Amino acid sequence: MTDNASDTPKPVKGQGQAMWGGRFTAKPAELMQAINVSIGFDKRLWAQDLAGSRAHARMLMNQGVISSSDGEEILGGLARIEDEIATGTFPFRDEYEDIHMNIEARLREMIGATAGRLHTARSRNDQVAVDFRLWVRDACDRSAGQLAALQKALLAQAETYADALMPGFTHLQPAQPVTFGHHLMAYVEMFGRDASRFRDARARMNECPLGAAALAGSPFPIDRQQTATALGFDRPTANSLDSVSARDFALEALSAASITATHLSRLAEEIVLWTTPMFGFIKLTDAFTTGSSIMPQKKNPDAAELIRAKVGRILGSLTTLTVVMKGLPLAYSKDMQEDKVPTFEAFDALELSLLAMAGMVSDLTPHTDNMAKAAGAGFSTATDLADWLVRTLNMPFRDAHHVTGSAVKAAEGLGVDLADLTLEQFQAIESRITQDVYAVLTPAASAASRMSYGGTAPAQVRAQIARWKEVLA
Ligand code: ARG
């Protein structure tokens, strides 16, 4: 059949509810349409909708539910629709409410009444469930891929600066010297767990709801394994009610996104701090900073600030969808149409953040001299002195802690670092201290001594870098 087939009902603008309008005599109020219409946002599901329709049409043909000539006509029409969407000529129309009915209406315009056979043994309820699952599955895959790219950017910097000393903080107070490489590798670990959360979520969601139809399944001899396989799912979902009413796959993906965004916000915050003149730990190039319209000297880390803020939007989306789903009776309710906007928004924000963070990490250069200087400030090797007292003089750690406290107090009083105390000054506090103590009081010695598995010693950091390089290869 062709475009001008005479049995094709012409859509009337504002009255195009032909898909379900059989029992209706009046058209919906404009406000009803306004609140109901979703094409403005669910058009983003077009590729998934076409994939689902293709799999369904082929299965109906294989099962003899529709004839192969009808099936081929449908598949031909769907291919033309794909072309139209790809070339921007497809008419997305509000009067057809959502992506499913927009595509079906267009198919009808193209091939006539045969288009109506595509919806055999299917409902928009399982249709949207499969479309959205496919979209969220792709989003999880993209996020995991972008996380891996970010990890690689961090690894490259960590390898270059595996020995570069910086202060390690607790309470944002200088605590013990660490290396910049070690600090960056902490984020490689976090982002690795984030990626694995997306992979876990993907594995759990990878069951195909298509064939659940409206809610109860179908009386037609459909083969749900076939459509599941065609769409890359591991198996069909096992309960038709659950199939059309489950959105926990999206909640899980949004949870993973929220945790990732939380990690991103922590790194973003550190970049904001480190680029201040007061820290002076790193610099970003013009590519990842912006100027001020009034203060000519300013170079602001706006990308980092925005990444720090995006967690609000992403976690907000998780909250939104959780509240939408809470207390919904089985099976489908239109409430669930509200699943898409927050999910799309969250992943748009997350993907942009991941890309921008990877860009910023590659862009940054540490001021290693400033970092190294800060690494020794604040009596950061006090623990090393205490450990030396334990190891060399066999002191109980608590006593060593006390002696070290006295040494810190003395140095503070004199306005010098621990390593600047003379041997006489040390011995006035603890007579058994020898010249050897100075070897453990430098930040480099402190870091190098922390050879415990996962510690900050450059050799340990390099071992972790090597492991991650293999994991990410
Ligand atoms: N646009 C709808 C959604 O996103 C599709 C499913 C509509 N189903 C229905 N029975 N009205 O949820």
Side-chain angles (χ1 to χ4, degrees), residues 11 15-24 27-29 31-53 55-56 81 85 90-107 116 118-139 205 208-218 227 231 237 240-251 253-254 317 320-347:
Q15 208 185 341
Q17 316 288 0
M19 243 63 77
W20 50 254
R23 63 161 293 179
F24 287 76
K27 62 177 184 176
L31 280 173
M32 177 61 221
Q33 286 211 20
I35 197 168
N36 206 29
V37 67
S38 59
I39 188 63
F41 52 85
D42 66 18
K43 62 164 73 155
R44 286 183 68 168
L45 297 175
W46 68 267
Q48 290 77 14
D49 199 72
L50 286 173
S53 286
H56 186 64
I81 288 173
I85 297 175
F90 182 88
F92 289 102
R93 290 169 287 192
D94 280 359
E95 61 263 37
Y96 291 119
E97 200 178 310
D98 58 23
I99 185 63
H100 325 295
M101 294 201 289
N102 263 271
I103 289 180
E104 193 181 324
R106 187 70 188 134
L107 189 63
L118 174 59
H119 215 52
T120 313
R122 187 176 75 170
S123 152
R124 276 190 294 156
N125 297 349
D126 60 338
Q127 196 176 353
V128 76
V130 75
D131 290 6
F132 193 45
R133 228 179 250 242
L134 287 170
W135 193 94
V136 173
R137 192 178 73 181
D138 281 351
M205 79 179 67
C208 185
L210 194 59
L215 74 163
S218 173
T227 40
L231 293 167
T237 48
S240 61
L241 295 169
D242 177 48
S243 309
V244 293
S245 55
R247 292 294 182 271
D248 54 281
F249 63 88
L251 290 175
L254 289 172
S317 296
T320 300
L321 186 55
T322 305
V323 176
V324 166
M325 297 309 295
K326 185 215 162 282
L328 272 192
L330 303 187
Y332 178 85
S333 294
K334 199 59 174 269
D335 307 51
M336 285 156 67
Q337 179 164 288
E338 290 288 312
D339 57 2
K340 292 169 205 66
V341 171
T343 307
F344 293 160
E345 268 211 340
F347 278 96

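These numbers come from a predicted model, not from an experiment. Atoms within a ligand are numbered from 1 in the order they appear, just like the ligands themselves. Only this structure's heavy atoms are used, side chains among them; waters, hydrogens and symmetry mates stay out.
Annotation: side chain of Ile103 is in contact with side chain of Leu50 (closest heavy-atom distance under 4.5 Å). The side-chain heavy atoms of Leu328 and Arg247, taken from C-beta on, include no pair separated by under 4.5 Å.
Looking at Gln33 and Asp94, their side chains never bring a donor and an acceptor atom within 3.5 Å of each other.
Residue, atom and distance of the protein heavy atom nearest to atom 5 (C) of ligand 1 are Asp98 OD2, 3.5 Å. Shortest contact from atom 11 (N) of ligand 1 to any protein heavy atom: Arg124 NH2, 3.4 Å. At the shortest separation from atom 2 (C) of ligand 1 among protein heavy atoms lies Gln337 OE1, 3.2 Å. Distance from atom 12 (O) of ligand 1 to its nearest protein heavy atom, with residue and atom name: Tyr332 OH, 2.4 Å. The protein non-hydrogen atom at the shortest distance from atom 8 (N) of ligand 1 is Asn125 OD1, 2.9 Å.
Using a 4.0 Å cut-off between a side-chain N of Lys or Arg and a carboxylate O of Asp or Glu, Arg124 and Glu104 do not qualify as a salt bridge.
Within the 4.0 Å heavy-atom criterion, neither part of Glu97 lies near ligand 1. Proximity of Lys340 to ligand 1, defined as any heavy-atom pair under 4.0 Å, is confined to the side chain (atoms from C-beta onward).
Scanning for ring pair (Phe, Tyr, Trp, His ring centres under 6.0 Å) contacts around Phe132 gives Phe249, with sequence neighbours left out.
Phe41 does not carry Lys340 over the face of its six-membered ring by the limits of under 6.0 Å from the centre and within 45° of the normal.
Residue-ligand proximity, His100 to ligand 1, at heavy-atom distances under 4.0 Å covers atoms 5 (C). The distance from ligand 1 to the heavy atoms of Ser38 drops below 4.0 Å at these ligand atoms: 1 (N).
Interatomic distance, Met101 CE to Ile39 CD1, rounded to the nearest 0.5 Å: 9.5 Å.
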